[in-house]
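Structure first, commentary second.
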Amino acid sequence: ATGHVLADLAKDGQKALIAKGGDGGLGNLHFKSSTNRAPRQCTKGDQGEEHELTLELRVLADVGLLGLPNAGKSTLIRAISSARPKVADYPFTTLHPNLGVVRVDDEKSFVMADVPGLIEGAADGAGLGIRFLKHLQRTRILLHLVDIAPIDPDANPVRDAKAIVGELVKHDPELANKPRWLVLNKLDLIPEEDREKTVKDFLKAYKKATKYDGPHFSIAAIYGEGTNPLIYAISEALEQMAMPEIGDLDDNDADSDDIPARQE
């Protein structure tokens with residue numbers, strides 16, 4: 001009730017002692033002796049700890065989907081996993097987090113989380129997305145989905161994408177500092193001969209506006225087009241993140257004779 005975090009269970013099987021039980025008292029049997037076979041004595045135990053708790057659920061996922069409502073997040077997770085979130089042509093179709101397991105091959109898989117989309121002003125309480133961003137705090141990679149071919153003639157994909165990043169930074173700078181990849185969706189709505197130019201123009205304007213220098217992927221999630229390179233890139237990146245870092249010794253700090261041979 002005070003807001004103090006007692007435990008953060010972030011791994012499978014992890015346990016924490018929240019409230020210690022009281023010490024038990026001594027019963028009649030403890031006072032039994034050769035001369036007192038039926039004692040009528042006892043001692044009272046000590047009171048245990050008591051807390052009023054708030055439990056908060058945060059899903060565990062490797063990859064989180066970020067973007068405006070109707071950017072195609074639910075369509076993407078349906079296309080590459082067995083998850084079946086609701087998909088419709090109106091905003092805020094997703095009202096709660098959805099998890100999907102993406103199978104790369106028989107030996108590799110990762111978990112993807114889809115949450116309600118963000119809108120401009122979300123950090124100040126507009127829309128639904130901010131309430132669910134906590135579910136992305138465990139993720140290692142964020143995929144920022146952008147509708148590259150919005151139906152609304154007044155929509156500006158570059159402006160909208162920049163606004164989403166701004167809301168993320170305003171709400172949780174730590175989350176905003178996670179690796180964030182750009183995924184340009186709904187490529188199928190652009191004539192094939194215009195796709196390359198549309199993507200190139202967007203990237204040029206977006207990078208200029210946000211200084212973005214990360215990877216980007218162009219997909220048509222509804223048909224699964226372009227999703228395989230995205231899946232393989234995510235899997236490879238997650239493997240690299242899971243590998244332990246081996247620090248290189250500086251020749252100036254240690255003589256080569258002092259370095260033990262590394263066993264393979």
Side-chain angles (χ1 to χ4, degrees), residues 62-81 85 87-91 93-94 100 102 104 110 112-120 122 129 136 139-169 175-238 240:
D62 301 299
V63 181
L65 299 179
L66 185 70
L68 282 171
N70 253 21
K73 300 184 296 301
S74 296
T75 302
L76 175 60
I77 204 171
R78 283 176 67 99
I80 63 179
S81 78
V87 173
D89 59 353
Y90 55 83
T93 311
T94 301
V102 181
V104 183
F110 58 86
M112 181 176 285
D114 169 31
V115 300
L118 291 178
I119 62 174
E120 191 168 3
L136 301 183
T139 60
R140 291 184 283 173
I141 297 175
L142 295 176
L143 297 185
H144 182 180
L145 259 68
V146 177
D147 182 353
I148 195 68
I151 298 176
D152 185 357
D154 296 327
N156 183 326
V158 174
R159 180 196 63 205
D160 293 340
K162 182 182 176 183
I164 293 303
V165 175
E167 294 298 328
L168 187 64
V169 172
L175 183 60
N177 285 332
K178 286 182 179 290
R180 189 172 64 252
W181 295 5
L182 194 61
V183 180
L184 307 182
N185 190 25
K186 303 189 181 181
L187 208 62
D188 54 297
L189 299 180
I190 303 174
E192 194 167 348
E193 63 273 14
D194 297 333
R195 292 180 183 179
E196 185 176 349
K197 183 180 184 304
T198 302
V199 170
K200 186 176 180 179
D201 290 345
F202 174 89
L203 290 174
K204 182 179 179 180
Y206 182 75
K207 289 179 179 180
K208 183 179 179 181
T210 64
K211 310 299 182 185
Y212 178 78
D213 60 353
H216 67 272
F217 299 84
S218 300
I219 68 170
I222 193 169
Y223 299 117
E225 181 182 341
T227 56
N228 280 345
L230 174 61
I231 291 172
Y232 293 138
I234 292 172
S235 178
E236 184 176 345
L238 291 174
Q240 292 294 325

Within the side chain of D160, is there an N or O that forms a donor-acceptor pair under 3.5 Å with the backbone of A155?
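Checking the backbone N and O of A155 against the side chain of D160, no donor-acceptor pair under 3.5 Å is found.
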Check whether Y206 reaches the backbone of L182 with its side chain - one donor and one acceptor, N or O, closer than 3.5 Å.
no
Between [atom1] on residue [X] and [atom2] on residue [Y], distance to nearest 0.5 Å:
X: I231; Y: M112; atom1: CD1; atom2: CE; value: 7.5 Å
X: L187; Y: D194; atom1: CG; atom2: CG; value: 11.0 Å
X: L68; Y: K73; atom1: CG; atom2: NZ; value: 7.5 Å
X: H216; Y: H144; atom1: NE2; atom2: NE2; value: 14.5 Å
X: I219; Y: L184; atom1: CD1; atom2: CG; value: 8.5 Å

Minimum side-chain heavy-atom gap [X]-[Y] below 4.5 Å:
X: I164; Y: V146; answer: no
X: I234; Y: W181; answer: yes
X: L175; Y: L142; answer: yes
X: V115; Y: L136; answer: yes

For [X] against [Y], the heavy-atom pair lying closest together:
X: A220; Y: D188; answer: CB-OD1, 3.4 Å
X: A149; Y: K186; answer: CB-O, 3.9 Å
X: I148; Y: I190; answer: CG2-CD1, 3.7 Å
X: G64; Y: T139; answer: N-CG2, 3.7 Å
X: N185; Y: A71; answer: ND2-O, 3.0 Å
X: F217; Y: P229; answer: CE2-O, 4.0 Å

Test S218 against every option in L203, V199, T198 by the side chain to side chain contact (heavy atoms under 4.5 Å, CB included) rule and name the one that passes.
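So the option named by the test is V199.
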State which residue, out of L168, L143, I141, fulfils the side chain to side chain contact (heavy atoms under 4.5 Å, CB included) condition with R180.
L168
In chain order, what residues pass the salt bridge (Lys or Arg N to Asp or Glu O under 4.0 Å) check against K200, with sequence neighbours excluded?
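K200 satisfies salt bridge (Lys or Arg N to Asp or Glu O under 4.0 Å) with no residue once adjacent residues are dropped.
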E193 atom CD, neighbour heavy-atom count above 12 within 6.0 Å
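Yes, enclosed.
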Answer yes or no: are there more than 12 heavy-atom neighbours, outside K178 itself, under 6.0 Å from its atom NZ?
yes
Test side-chain contact (heavy atoms from CB on, under 4.5 Å) on V158 and D201 and set out the steps.
CA-CA 10 Å; V158 174; D201 290 345; over 6 Å; no
